[in-house]
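Chain naming here is simple, since letters A, B, ... match the order of the sequence lines and numbering starts at 1 in each.
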2 protein chains.
Amino acid sequence: MVQFVHPSIEDITLTGVLGALADPMRLRIVGNMIKKNDCMSCSEAAPCPNMAKSTLSHHFRILREAGIIRTGKVGVTNRNVLRYDDINKRFPGLLDEILKFAD
Amino acid sequence: MVQFVHPSIEDITLTGVLGALADPMRLRIVGNMIKKNDCMSCSEAAPCPNMAKSTLSHHFRILREAGIIRTGKVGVTNRNVLRYDDINKRFPGLLDEILKFAD
DNA sequence: TCAATAGTTCAATTATATTGAACTATTGAA
DNA sequence: TTCAATAGTTCAATATAATTGAACTATTGA
């Protein structure tokens with residue numbers, strides 16, 4: 001059984017958040033998630049269809065370990081949710097300010 | 001003679017800026033520069049004294065190529081300036097929002 | 001029971017970061 | 001004018017991180 005690692009709010013770091021969002025693919029994943037305002041599977045949130053699923057899995061892990069998303073497994077699919085409130089508690093306004101400029 | 005590369009405002013990218021600031025050392029360099037509100041040499045802005053100068057030089061190049069600082073040479077020292085207005089023209093408010101959370 | 005689905009993990013390759021050593025350009029003093 | 005000191009850059013080597021195909025795991029539905 002896979003156990004997902006999620007940092008607590010106080011363990012979310014600024015450089016961790018910036019580093020996680022510094023990749024175009026991950027920025028698009030997060031952009032997709034905030035637009036949908038709902039949980040998404042990894043393949044739903046995938047930034048491009050031709051990406052290896054191991055790479056996609058890697059990107060979700062980076063986002064997860066930076067504290068940006070929370071992942072749970074329901075059946076065979078992952079349910080990924082943006083930790084919007086947690087990030088805003090830690091760094092108020094930061095996420096919106098960054099995503100404002102993400103195409 | 002060393003020629004420094006500086007992107008034009010429209011070539012500054014969001015992921016470039018985020019990636020440049022995603023490193024604790026570079027974040028401290030930029031934090032130091034905004035506090036001083038003046039140009040600084042590389043060693044003045046150095047985030048810690050025990051860092052190899054080749055590493056420091058590398059970090060300044062990342063910041064430069066991301067469009068965050070402008071470097072000129074005066075005599076034997078570099079004069080590094082934060083491209084505050086340029087970044088604000090490209091991504092209004094972003095830099096302040098990020099630096100607000102940098103210790 | 002068994003194939004399909006949605007991912008994870010592993011191993012290999014590739015790319016990026018870090019550092020010491022050698023190099024360059026400028027200054028200031030003898 | 002020479003020459004050592006200064007402030008970096010560049011290079012080469014190593015260490016760390018990203019990408020991907022292949023094999024694996026767990027769950028569902030026929």
Checklist outcome for this item: Dot-bracket for DNA chain D, 5' to 3', Watson-Crick and G-U pairs with both distances under 3.5 Å, [ ] for crossing pairs, | for partner on another strand, reads ||||||||||||||||||||||||||||||
Checklist entry - Under 6.0 Å from the CZ atom of Arg70(B), do we count more than 12 heavy atoms belonging to anything else shown? => result yes
Checklist entry - With side chains defined as the heavy atoms from C-beta onward, is the minimum distance between Leu63(A) and Asn80(A) less than 4.5 Å? => result no
Checklist entry - Any ring-ring contact (aromatic ring centres under 6.0 Å, His included) pairs touching residues 79-103 of chain A, not counting sequence neighbours? => result Phe91(A)-Phe101(B), Phe101(A)-Phe91(B)
Next on the checklist: What is the separation between atom NZ on Lys53(B) and atom P on dT24(C), rounded to the nearest whole Å?
Outcome noted: 14 Å
Item to check | First encountered from the 5' end of DNA chain D, between Ser41(B) and Thr55(A) | outcome: Ser41(B)
Item to check | Value in whole Å for how far the P atom of dT25(D) lies from NZ of Lys73(A) | outcome: 12 Å
Checklist entry - Nearest to the side chain of Ala52(B), which nucleotide is it out of dT8(C), dG20(C), dT18(C)? => result dG20(C)
Checklist entry - Does the dG20(C) base have a donor-acceptor partner in the side chain of Ser54(B) within less than 3.5 Å? => result yes
Next on the checklist: Classify Thr77(A) by what it touches in the nucleic acid, base, sugar-phosphate, or nothing, heavy-atom distance under 4.0 Å.
Outcome noted: sugar-phosphate
Checklist entry - Can you tell me how far P of dA17(C) sits from CE of Met25(B), to the nearest Å? => result 14 Å
Checklist entry - Is a side-chain donor or acceptor of Arg26(A) paired with a backbone partner of Ala20(A) at a separation under 3.5 angstrom? => result yes
Checklist entry - Reckon Ser43(B) touches a base, only the sugar-phosphate, or nothing at all at heavy-atom distances under 4.0 Å? => result sugar-phosphate
Checklist entry - Could you give the distance from CZ (Arg79(B)) to CE (Met40(B)), rounded to the nearest 0.5 Å? => result 10.5 Å
Checklist entry - Counting only N and O atoms by type, is there a donor-acceptor contact under 3.5 Å from the side chain of Arg64(A) to the main-chain atoms of Ile69(A)? => result no
